[in-house]
Amino acid sequence: MNSDSSDLQAFKGSILFFTDDPDQLDAEQAVRYYEKGLLLVEDGIVKAVENFDELSPTLPPDTEVTDYSGQLIIPGFVDTHIHYPQTDIVASYGKQLLDWLENYAFPREGMFSDLTYAEEVAEFFLQELARNGTTTAQVMSTVHEHAADILLQKSLEKNLRMITGKTLMNCNAPEYLLDGPSMGFDSSLKLAEKWHGTGRLSYAVTPRFAVTSTESQLEKAAELFHSRQGLYLHTHLSENLNEIEMIRTLFPWSNDYLDVYERFGLVGPRATFAHAIHLSDSEIDRLAISGSSISFCPTSNLFIGSGLFNLERVTAAGIPVGMATDIGGGTSFSMLKTLAEAYKVLQLQGQSLSALKAFYLATLGGARALGLADQIGSFLPGREADFTVLNVNATPLIERRIAVTQTLEERLFVLMMLGDDRSITQTYIMGKAA
Ligand code: GUN
Ligand code: ZN
């Protein structure tokens, strides 16, 4: 072990992480669980995870050990699709997608022309992510350059691994939310040059969805997406039946919704499509071949009444899937609550989401969907030490229910069905309390 322990931190507790999809591999191989474990972090990077009794005698004597005995330490949650400017419209009544956008999302996003408001929301948003145990997110912003800029600035100050970009939209939305003649290209390029690869930040080229971009803007978006190593592409796909109908009208030459993105080169590794509920077999095959990812947004898909995402079908095709809260179409920042709704969405289709699979999707699965599995999502040595400490007894009911569980899987299932922000004891960003 390191003879200089000043930058060495140790965290004691029950430790869980995944090295693979527990549904694909023998669960024994995919799941690492240490009932009495020790997570060793050096300079913000995971150095080792082992049984406490084996690892602790090897530590330099003055190593500070933070004791979370009886609690569960897992990699931080990865939210693959969320809108920060929609924080203040979460739980808005009574509309489906296109009316919901018109009545709630667009007017609220218009308020982000005010930098002071954007800054205040960005601060609250990042704190709320941490309070819910989420350490990485792919975030939609607004059309305003400064709204993405302030989120990136704050993420850098907090040393967060975040992915975001300015939203591109230049038609079929209120005038006050439309990109001007440069079609958002100049602002996007400026932001990408300033932030992509700075600290732990990545830039996502973000056409909102094909409905709100002209063909020229989609073309420009693709040009930017392919212009630099590691840029992301973040958009929506096939969420709502009226939206799909609109795509048919707006792009009469297209064979289907995905065809529009494909035609302009807006698919491939590091391209994420949120929702992807109403897909044909051909669209699923093509998404898989392209190496694109999908965000599963259960609370949003239920709340906006969009439909039931078929996880089994998409996973069988080999498309990486990450979990997403999709605030503010989604109704909770909590990944635990999101997993609970995912379970119910799949139940309605005769599919069962095991607790192991659910926690995999919310951690390593999300990291894989974003191409970040070498950086985050597990506690393999060398990974960035973003983690969450879960209180498994956060409420009287959970405590009673946990008391009669026998296995780890049962406890995880109770946690995902009954847990929420109250279950999060502490979130750590590269070994530092958030
Ligand atoms: N499709 C285009 N924009 C949005 C949005 O803001 N939220 C959701 N849920 N779907 C969208
Ligand atoms: Zn969305």
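For clarity, every value in this text was computed on a predicted model and none was experimentally measured. All ligand and atom numbering here is 1-based and tracks the order in the structure. Any value given below was found using the heavy atoms of this structure, including those in side chains, with hydrogens, waters and symmetry copies removed.
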Vertex the Zn ion (ligand 2), ends H81/NE2 and D326/OD1: angle to nearest 10° comes to 90°

Looking only at distances, can you tell me whether any N or O atom of Q86, backbone or side chain, sits closer than 3.5 Å to an N or O atom of ligand 1? yes

Here the N/O/S atom of H236 closest to the Zn ion (ligand 2) would be NE2

Test side chain to side chain donor-acceptor pair (under 3.5 Å) applied to S187 and H146, K166, E145, the passing residue: E145

So for atom NZ, which belongs to K337, do other residues, nucleotides or ligands contribute more than 12 heavy atoms lying within a distance under 6.0 Å? no

With respect to the Zn ion (ligand 2), please indicate if C297 possesses an N, O or S atom at a distance under 2.8 Å. no

Side chain, backbone, both or neither: which applies to L101 and ligand 1 if a contact is any heavy-atom pair less than 4.0 Å apart? side chain

I'd like to check which ligand 1 atoms, numbered from 1 as shown, lie under 4.0 Å from a non-hydrogen atom of L97. 8 (C), 10 (N), 11 (C)

Of the side chain and backbone of V211, name the one, both, or neither that has a heavy atom under 4.0 Å from an atom of ligand 1. neither

Just one of R200, K432, K158 clears the salt bridge (Lys or Arg N to Asp or Glu O under 4.0 Å) bar with D386, so which one? R200

Can you check whether W100 has an N/O within less than 3.5 Å of an N/O in ligand 1? no

Applying a heavy-atom cut-off of 4.0 Å, say which part of H275 lies close to ligand 1: side chain, backbone, both or neither. side chain

Within the 4.0 Å heavy-atom cut-off, what H83 brings close to ligand 1 is side chain

From the list L233, L258, T235, side-chain contact (heavy atoms from CB on, under 4.5 Å) with V267 holds only for L258

